[in-house]
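Values reported hereafter were calculated over all heavy atoms of this structure, with side chains retained and with hydrogens, waters and symmetry mates removed.
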Amino acid sequence: MIRLLITGASGFIGRHVLEELSSAGYSILAPMRRPMEFPDRNLYKNVIFLEGKFYSDTLLREYENFNPDMIIHLSAIRGEGRGRWKDYYEVNVLGTKKLVEFALTSQVSRFLYCSTVGIFGTTPSRLPADPWTSANPEGYYHISKYQAEKTIIQQLRGKIPHILFRPTITYGEGDNGFIPRLVKLVRSHMFPLISRDILIHLVSIKTIREFVRKAVQKEALEQDYIVNLADKEPVYLTDLVDLIHKYFTGKPYPRILKISPFLFNLGIQLSKLLKQTSLQISLQLVSQPWYYDTSHLENLCDCTLKDSLKEVHELLKKMYPSHAAKSS
Ligand SMILES: NC(=O)c1ccc[n+]([C@@H]2O[C@H](COP(=O)([O-])OP(=O)(O)OC[C@H]3O[C@@H](n4cnc5c(N)ncnc54)[C@H](OP(=O)(O)O)[C@@H]3O)[C@@H](O)[C@H]2O)c1
């Protein structure tokens, strides 16, 4: 049986990946800091849960005993404003480096790394950004993810096949990120909707699950790849906001609440000046376009890319079943 080491299995994406791969029958080692809090862990018969930081020397020794065939590295401090640079560097860069060193000594057959489209910057220099668009990371989170990418490429090139997949902002069950926050703001009429239409590009967790399963299974993937993971098409932010508002009220988001691009730009410049990177990125995300080329993804692994608006609507029905307006 193929043995997989999966870091970050306790996180939003990790739980989905763990469910997908354990139900496919793989033997899995899942390090996490608080395994006792993992829900329904007894149901995962082919998973060994380990307690600790994924890059600690104690756990690295445990990995040696397990002798994995592949590593799926999902752990990271995710998002801006979660600590000092020292913290991001230790977990996202040095932690990855230790795993890479382990991969080299134990000669795994494949190394999968979950990066982020954030390495292009909040608004990529080219739209749609393809995997070769130049990197321009902003903030500790994106910079640390980019440094981790570079470590993997430099150290594993020509030695161990590696796949770097870069999801855009991901939505799905169990997430507490972009969509739940957007829902909260839209429902309270606090969302600052920009007065011009911008295209944004999300990805369903279902695509990540499918991609990782195929990347583990497919022999054709025994080469080095870098892919962006996103839904079939980008969507207009206005359409997404209207969809959410209509779900709860039956009506589109009030147009009176629209804000001019000038005010957003002012906010972005001010937050840059005051070094409020987290605020700067949030303002950029809701006022500037960000979307990605996924044609390479379809060619590579034949993944079924999703329709964001349809999927978000389904998600709302699952998350807020008793709050739907009659017409939605
Ligand atoms: N969610 C998104 O929209 C999105 C988009 C693009 C890329 N990504 C990438 O996808 C991966 C998974 O993200 P996610 O959304 O699942 O994030 P998440 O829910 O925050 O989970 C992150 C995982 O990283 C581990 N981790 C966090 N801080 C740590 C620390 N200080 N020391 C050691 N381990 C730590 C946690 O493991 P333990 O607590 O169990 O140790 C947790 O399982 C990340 O690499 C992220 O960069 C996510």
Side-chain angles (χ1 to χ4, degrees), residues 79-80 116-118 120-129 133 138 167-173 175-207 228-271 278-294 305-320 323-328:
E80 205 50 39
T116 164
V117 293
F120 298 122
T122 314
T123 307
S125 59
R126 187 168 64 197
L127 291 169
T133 298
E138 303 149 293
T168 174
I169 290 183
T170 310
Y171 60 87
E173 283 181 71
D175 171 39
N176 60 6
F178 187 78
I179 291 290
R181 273 189 239 145
L182 187 62
V183 167
K184 221 168 155 185
L185 289 171
V186 167
R187 287 185 78 184
S188 57
H189 290 168
M190 297 288 285
F191 182 71
L193 187 59
I194 188 162
S195 58
R196 67 154 189 236
D197 260 342
I198 59 157
L199 278 171
I200 66 166
H201 210 172
L202 306 171
V203 67
S204 164
I205 188 68
K206 294 176 189 166
T207 301
N228 297 337
L229 295 191
D231 282 343
K232 198 162 186 55
E233 303 282 349
V235 293
Y236 286 111
L237 180 61
T238 323
D239 289 344
L240 185 61
V241 167
D242 277 345
L243 173 98
I244 295 169
H245 199 264
K246 274 187 196 158
Y247 179 81
F248 293 100
T249 66
K251 295 181 216 135
Y253 196 62
R255 287 326 191 227
I256 197 154
L257 300 170
K258 282 196 167 187
I259 293 177
S260 85
F262 171 76
L263 284 179
F264 273 103
N265 285 339
L266 199 66
I268 291 166
Q269 294 313 325
L270 268 176
S271 44
S278 190
L279 176 65
Q280 180 201 324
I281 290 176
S282 300
L283 290 173
Q284 281 174 283
L285 280 176
V286 296
S287 66
Q288 295 174 359
W290 36 282
Y291 52 95
Y292 310 94
D293 179 1
T294 49
L305 302 188
K306 305 290 180 200
D307 174 331
S308 307
L309 293 179
K310 220 166 114 190
E311 292 291 321
V312 170
H313 190 244
E314 287 307 310
L315 184 63
L316 293 175
K317 288 204 272 186
K318 282 197 182 129
M319 289 173 72
Y320 312 95
H323 292 86
K326 281 203 180 75
S327 52
S328 50

Please evaluate residues L243 and V312 with respect to the criterion side-chain contact (heavy atoms from CB on, under 4.5 Å), reporting the C-alpha separation (whole Å), side-chain torsions for both, the decisive distance (0.1 Å), and the verdict.
CA-CA 9 Å; L243 173 98; V312 170; 3.7 Å; yes
Looking at every non-hydrogen atom in both residues, tell me the closest pair between [X] and [Y] and how far apart they are.
| X | Y | answer |
| --- | --- | --- |
| V235 | S308 | CG1-CB, 3.8 Å |
| S271 | L279 | CB-CD2, 4.0 Å |
| P128 | D293 | CB-N, 3.5 Å |

Holding to side-chain hydrogen bond (donor to acceptor under 3.5 Å, both in side chains), I want the full list of residues that pass it with [X], two or more places apart in sequence or in another chain.
| X | value |
| --- | --- |
| T123 | Q288 |
| T122 | E138 |
| E233 | none |
| Y171 | D231 |

For [X], check side chain to side chain contact (heavy atoms under 4.5 Å, CB included) against everything at least two apart and list the hits.
| X | result |
| --- | --- |
| I169 | F178, L202, L285, W290 |
| D197 | Y236, T238 |
| T133 | F120, S125, R126, A129, D130 |

Measuring from H201:NE2 to N228:CG, what's the distance to the nearest 0.5 Å?
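So the gap between those two atoms works out to 9.5 Å.
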Side-chain touch Q284/I268, heavy atoms, less than 4.5 angstrom
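The answer is yes; the side chains approach within 4.5 Å.
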Under 4.5 Å between any side-chain heavy atoms of I200 and L240, yes or no?
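When only atoms from C-beta onward are counted, L240 and I200 do touch, with a gap below 4.5 Å.
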Sequence neighbours excluded and cut-off under 3.5 Å, please list the side-chain donor-acceptor pairs for residues 257-266, or say none.
{"unit_1": "S260", "atom_1": "OG", "unit_2": "F262", "atom_2": "N", "d": "3.4"}
{"unit_1": "S260", "atom_1": "OG", "unit_2": "L263", "atom_2": "N", "d": "3.4"}

Sole residue of L237, D239, I244 in side-chain contact (heavy atoms from CB on, under 4.5 Å) with V241:
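Exactly one pass, corresponding to L237.
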Identify, with sequence neighbours excluded, every residue that meets salt bridge (Lys or Arg N to Asp or Glu O under 4.0 Å) alongside D242.
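For D242 the salt bridge (Lys or Arg N to Asp or Glu O under 4.0 Å) partners, ignoring immediate neighbours, are R255.
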Expected output: side-chain T249 to main-chain Y247 donor-acceptor under 3.5 Å:
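No: the side chain of T249 does not pair with the backbone of Y247.
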Determine all donor-acceptor pairs shorter than 3.5 Å in which one atom belongs to a side chain in residues 179-193; sequence neighbours excluded.
{"unit_1": "S188", "atom_1": "OG", "unit_2": "K184", "atom_2": "O", "d": "2.9"}
{"unit_1": "S188", "atom_1": "OG", "unit_2": "L185", "atom_2": "O", "d": "3.2"}
{"unit_1": "H189", "atom_1": "NE2", "unit_2": "H245", "atom_2": "NE2", "d": "2.7"}

Hey, could you give me each pair passing salt bridge (Lys or Arg N to Asp or Glu O under 4.0 Å) that has a residue in residues 306-315? Not counting sequence neighbours.
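Those involving residues 306-315 are K206-E311, E314-K317.
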Could you list the residues that satisfy ring-ring contact (aromatic ring centres under 6.0 Å, His included) with Y320, not counting sequence neighbours?
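In terms of ring-ring contact (aromatic ring centres under 6.0 Å, His included), with neighbours along the sequence ignored, Y320 is linked to F248.
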